[in-house]
Amino acid sequence: MGNENDNWMEGLEDLGDLTGSNESADSGTGSGDGGSFSDLWSPDDEAATTTLRDLGQVLLDNGAISSEQLTSARNVVQNTPGKSLADAFLENGIDEAEVQSALAIVTGMPFERFAADTVHARYLDKLGLDYCKNHGVMPLRQSGSRLILGVTRPDDLIALDEVRHRLGVSVKPVVVCRADISAVVEELHDEDAGGMDVDEIIADIDEDDVEVVETTEEELDLEKMAGESPVIRLVNYIIFDAVKQGASDIHIEPQEKKLKIRFRIDGVLFESMNPPHHMHAAIVSRLKVMANLDISERRLPQDGRIRAMVHGRKLDLRVSTLPTAQGEKVVMRILDTRSIQVELDALGMDEDCLLMWKNQIKQPHGIILVTGPTGSGKTTTLYSSLSQMDPAKLNISTVEDPVEYHLNGISQVQTHEKIGMTFAAALRSLLRQDPDVVMVGEIRDSETAKIAIQASLTGHLVLSTLHTNDAPSSITRLINIGVEPYLIGSAVNATLAQRLVRKICQNCKVQQKPTGDLLDHLAVHGITAEEMFIGEGCERCRNTGYAGRLGLYEILVLDDMLRDRVAGNPNVTEFRRLCVERGMNTLRVDGFRKAARGLTTVDEVLRVTEATI
């Protein structure tokens, strides 16, 4: 037993906070509630013979990391007191399932994935959802007299002992992912809150029932505030319900005799509720208090921000008020980090487009532009592209207005035009910070465009956005802004135009034979499809037939011939036709191809695209 304990301690020293234990469950003295750890875990015979290995080496052997990533992570652990090797890998973007499964091998424990329908409900109620999320544990099932307990940190023996004392049962730990725990907690939270009745919330609301107070709290926990006041509870419910339904915006619109609240879901506005009209002033006042705006000013537009917590998720709500003839209209944009953390492969690009785009973001210098109207997903594409880069090897900086989402390992700069911190001024300063990659939120003027061009010509990769309808138009837009055509031809590598269309609901998806006119329309774009799909409409999709959104993409990569034409200041129509002749697929063609594959409908494609050729 002594040798086994020595091995366990050596593993503890090698791995920092990560350990592997081959110790028998019968080691130690004492039992029951006497405080001994001996009855926390009795390993299987197979686990008892597992040799202790280094976490990094296991990941390297599995092909989950490179030798450079392993060296970098070990250096971080060595120079950061209290940092574990697993934490270093996770912060460097290594997949959590890979890290946790390797950790299970190191510690000689099983590794499991789970969902809400597989957890032990009675023990979960005893521990509480918040406790499980905060401590990284999840009761999974009963195995004889022991509870199989999912843990994210198998070395945290204190937490294991605390769970044993709380539940009064011995536990056997298995390694799990924190993401699975968070998903279960959120799903069960949503089920608990699903029975909220709007009529009960607003039944006893009075116009004067709003308390205006100064708040210095940076974050407002909506759940803790529930029940303090009918108006507060109503506003909290509006935000909660919008987040639950996956809305991107909340519109509070006063009409002559009613108050209308609408949510933008999958790019389309849906009417959600109609509170009493006399509650309009109280609701707007409450939102102004939350956003630290002037509640006495009703004649001028105001902008603010609310930081809120909904089920442990940090949200930013950008609040905008606008005086109208019927009263102040309020629109809130919901910024959720989960919506921006999308893998590049999951955006919906077809294989050729994705390959070309990945090749472009690996280039050492030049300008890459993403174009499209507001709300077309340009920011998501740029952030997903930045996440493909290695911040440990590259100096990546962004200039944004505003900084909507925070990215690990990337320097993000907020513009402030009132004090002269414009895109151009910030970009000029960033270029003195030895950057490798610079993302400019938007090229709005000649000065910003010219600095971005110069930066790309001096060895930097610049990513930015423009508001144009298609990819070729971005070239002529830069010329119209005032950039010399020969500079554009030298600096711009590629432009990507995009739109978002609604996906067909998979729950009510049915086949439909295309009509003769539709077949002819598709044939014009070189697409043949004998069967198309539509959504009939069901409760899950609010009877729309659509659920979720998908990107349509049009990528233009400038070759030598196109660069020569750009230098000659081409007409936009002629240049667009030349791009198509050179092999560029338009947004509409990409949309029809996805409709033929049953991902969206032709009506959706026609709604968001225009015939450009």
Side-chain angles (χ1 to χ4, degrees), residues 4-5 7-9 11-12 15-28 30-53 55 58 84-87 90 96-116 118-129 131-185:
E4 291 175 353
N5 283 327
N7 289 337
W8 190 89
M9 291 305 296
L12 179 60
L15 298 174
D17 291 337
L18 305 175
T19 67
S21 176
N22 301 319
E23 187 177 355
S24 169
D26 296 331
S27 65
S31 60
D33 295 330
S36 170
F37 296 128
S38 62
D39 53 355
L40 289 178
W41 175 40
S42 177
D44 300 329
D45 293 339
E46 181 180 353
T49 60
T50 303
T51 56
L52 187 64
R53 298 167 63 191
L55 175 66
V58 173
S84 70
L85 196 58
D87 291 339
L90 293 174
E96 185 187 13
E98 293 278 5
V99 174
Q100 294 298 94
S101 62
L103 182 57
I105 294 174
V106 169
T107 56
M109 295 183 186
F111 172 69
E112 292 190 14
R113 304 301 299 268
F114 62 92
T118 62
V119 302
H120 198 297
R122 182 165 58 87
Y123 285 140
L124 181 57
D125 287 339
K126 282 188 175 183
L127 290 175
L129 293 174
Y131 178 89
C132 290
K133 183 174 182 179
N134 294 335
H135 291 78
V137 298
M138 181 62 64
L140 299 180
R141 61 187 176 276
Q142 193 87 24
S143 177
S145 61
R146 292 185 298 178
L147 169 68
I148 305 299
L149 180 72
V151 298
T152 57
R153 297 291 299 269
D155 62 303
D156 192 352
L157 301 181
I158 302 298
L160 292 177
D161 195 44
E162 185 176 345
V163 171
R164 180 175 66 87
H165 279 288
R166 279 174 170 259
L167 300 180
V169 63
S170 62
V171 297
K172 176 183 177 180
V174 298
V175 181
V176 298
C177 294
R178 186 172 291 274
D180 290 346
I181 294 177
S182 298
V184 168
V185 170

Run the side-chain donor-acceptor check on residues 134-141: report pairs under 3.5 Å with partners two or more places apart or on a different chain.
residue, atom, partner, partner atom, Å
Asn134, ND2, Asp130, O, 3.1
His135, ND1, Tyr131, O, 3.1
Arg141, NH1, Glu112, OE1, 3.0
Arg141, NH2, Glu112, OE2, 2.7

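- A donor-acceptor pair is defined here as one N or O able to donate and one able to accept, closer than 3.5 Å; no such pair exists between the side chain of Glu96 and the backbone of Leu90.
- Considering all non-hydrogen atoms of both residues, Pro173 and Met109 come closest at CG-CE, 3.7 Å.
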For this session: May I have the step-by-step check of side chain to side chain contact (heavy atoms under 4.5 Å, CB included) for Ile148 and Lys172, ending in yes or no?
Result: CA-CA 5 Å; Ile148 305 299; Lys172 176 183 177 180; 3.9 Å; yes

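- Considering every non-hydrogen atom in both Leu124 and Leu129, the closest pair reads CD2-CD2, 3.9 Å.
- One N or O on the side chain of Ser84 and one on the backbone of Asp87 form a donor-acceptor pair closer than 3.5 Å.
- Qualifying salt bridge (charged side-chain N to carboxylate O under 4.0 Å, His left out) partners for Arg166, counting only residues two or more places apart in sequence or in other chains: Glu162.
- Taken to the nearest 0.5 Å, the CG atom of Leu103 stands 8.5 Å off from the CZ atom of Arg153.
- Applying the side chain to side chain contact (heavy atoms under 4.5 Å, CB included) criterion to Ala159, with sequence neighbours excluded, gives Asp156.
- The shortest distance between side-chain heavy atoms of Val176 and Thr152 falls below 4.5 Å.
- Nearest heavy-atom pair across Arg113 and Cys177 is NE-SG, 4.0 Å.
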For this session: Go through the steps for Arg122 and Asp125 under the test salt bridge (Lys or Arg N to Asp or Glu O under 4.0 Å), then give the verdict.
Result: CA-CA 5 Å; Arg122 182 165 58 87; Asp125 287 339; over 6 Å; no

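- Rounded to the nearest 0.5 angstrom, Gln142 CD and Leu147 CG are separated by 6.0 Å.
- By the ring pair (Phe, Tyr, Trp, His ring centres under 6.0 Å) test, Tyr123 pairs with His120, sequence neighbours left out.
- The two residues Val184 and Ala116 make their nearest non-hydrogen contact at CG2-N, 3.6 Å.
- Residues Ala86 and Val99 share a closest heavy-atom pair of CB-CG1, 3.9 Å.
- Atoms CG and OG1, on Asp180 and Thr118 in that order, are 9.0 Å from each other to the nearest 0.5 Å.
- Ser182 pairs by the side chain to side chain contact (heavy atoms under 4.5 Å, CB included) definition with Lys133, Arg178, not counting sequence neighbours.
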